[in-house]
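Everything below concerns the one structure shown next.
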Amino acid sequence: MDIQAAVVETAGGAFRIETLRIDPPGGDQLLVRIVACGVCHTDMVMRDGAAPVPFPAVFGHEGAGVVESVGPGVIGLAPGDHVLISFDSCGMCPACHDHEPGYCPEFVPRNFLGTLAPDQGGLWRGAHRVGSNIFGQSAFATRALAHQRNVQKVDPDLPLHLLAPLGCGIQTGAGTVLATLKVRPGQSIAILGAGAVGLAAVMAAKISGANRIALLDRHTHRLDLGRELGATETATSLDMLAGPFDYIIDTTGVPALLGPAVGLLAGRGTLALAGVYPPDPKVPVDASAMMSMGRRIIGVVEGGIDPQRFIPELIDHYRAGRLPMEKLVRTYPFTEIEQAVLDSETGAVIKPVLLMEQSA
Ligand SMILES: [Zn+2]
Ligand SMILES: [Zn+2]
């Protein structure tokens, strides 16, 4: 079947929409007609060649759509089902068994390399393969092949263009607060970075009953939105934040912020590293201060959650008005993907979402 897909030819190249051929779903795969796909910072990291990806490649990993057909190994999903697509994992390792698939040893091959099993379909340009199956989806396209394990069926009344980002950016911020750190009522938290991940953390901190929710960003319009979503104080530089905080979440990926951030931790406080960091970042920490007061630094991938358990929780919060996605999302026709990416990079838009059906 022919589809329209945004291909990046080489590292640093543009997203160019062209016609590719997609295989039928094999094994555990589902063919999904993509309705909407969020633009995530990691798409730009992959485009720039800063992650190991197979160029030319189709990125896009916050896909949402309608199942059109299923492979022979798929159970419990059928054509017509509405689904959100998240990252992929093996389902067999200790991390997957513990419902922490973000720490699956196969995270890199399944999400960045787009490795295909012999019975799984991919994308073709004439006789040549195009890098597909990125984050088990490659959803900057009118159709994508996802997997039994990385789709979540949702009620058909839900707005896919608002909920597509739950599958990466939103679950990362909210999961870090609610599932990994388990912030409790009355506690304090500082969130570094007011992009989609940081603002999802703000909304989750409010849900958890934190009494002090500090938000740091360079862009004041993002801080204004942060206050609307639940931040109790905002800052444009780290030295404006007054510790101590029970929790600090870094979503910026800026290593220079981390050493000073440790100095803002309360006793038994935790710094969660949830950003995308440059190669080999080194952070100086006061080992004695860490040890004597039981402070911790932890890494968090995708919020440390299992999407198939956590996305339904997020949908409950959305339905109850506690996750007002409409305040973060701006939609673009698929053909305007370059503009959507640019608006994300400049910080003008928190969460661009591409609408595929307009250009099918
Ligand atoms: Zn696994
Ligand atoms: Zn992402």
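The model shown is predicted, which means the values in this text are computed figures rather than measured ones. All ligand and atom numbering here is 1-based and tracks the order in the structure.
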Quiz item: Considering the options Val32, Val35, Asp81, Val83, which one meets the side chain to side chain contact (heavy atoms under 4.5 Å, CB included) requirement together with Val66?
Solution: Val35

Quiz item: With ring centroids as reference points, do Phe135 and Phe59 lie under 6.0 angstrom apart?
Solution: no

Quiz item: Among Arg149, Glu106, His147, Glu302, whose side chain to side chain donor-acceptor pair (under 3.5 Å) with Ser89 holds?
Solution: Arg149

Practice problem: Evaluate the side-chain proximity of Leu225 to Leu199: yes if any heavy-atom separation is below 4.5 Å, no if none is. | Solution: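 Yes - at least one pair of side-chain heavy atoms lies under 4.5 Å apart.
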
Quiz prompt | Check: Leu192 and Leu238 side chains under 4.5 Å, non-hydrogen atoms | solution =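 Side chain of Leu238 against side chain of Leu192, heavy atoms only: contact under 4.5 Å found.
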
Pair [X]-[Y], side-chain donor/acceptor within less than 3.5 Å:
| X | Y | answer |
| --- | --- | --- |
| Gln4 | Thr19 | yes |
| Ser288 | Asp286 | no |
| Asp43 | His61 | yes |

Quiz item: Roughly how far apart are Thr234 OG1 and Asp217 CG, rounded to 0.5 Å?
Solution: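 These two atoms lie 10.0 Å from each other.
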
Exercise. Would you list the protein N, O or S atoms within less than 2.8 Å of the Zn ion (ligand 2), leaving out water?
Key: Cys40 SG, His61 NE2, Cys168 SG

Quiz item: In total, how many protein N/O/S atoms does one find closer than 2.8 Å to the Zn ion (ligand 1)?
Solution: 4

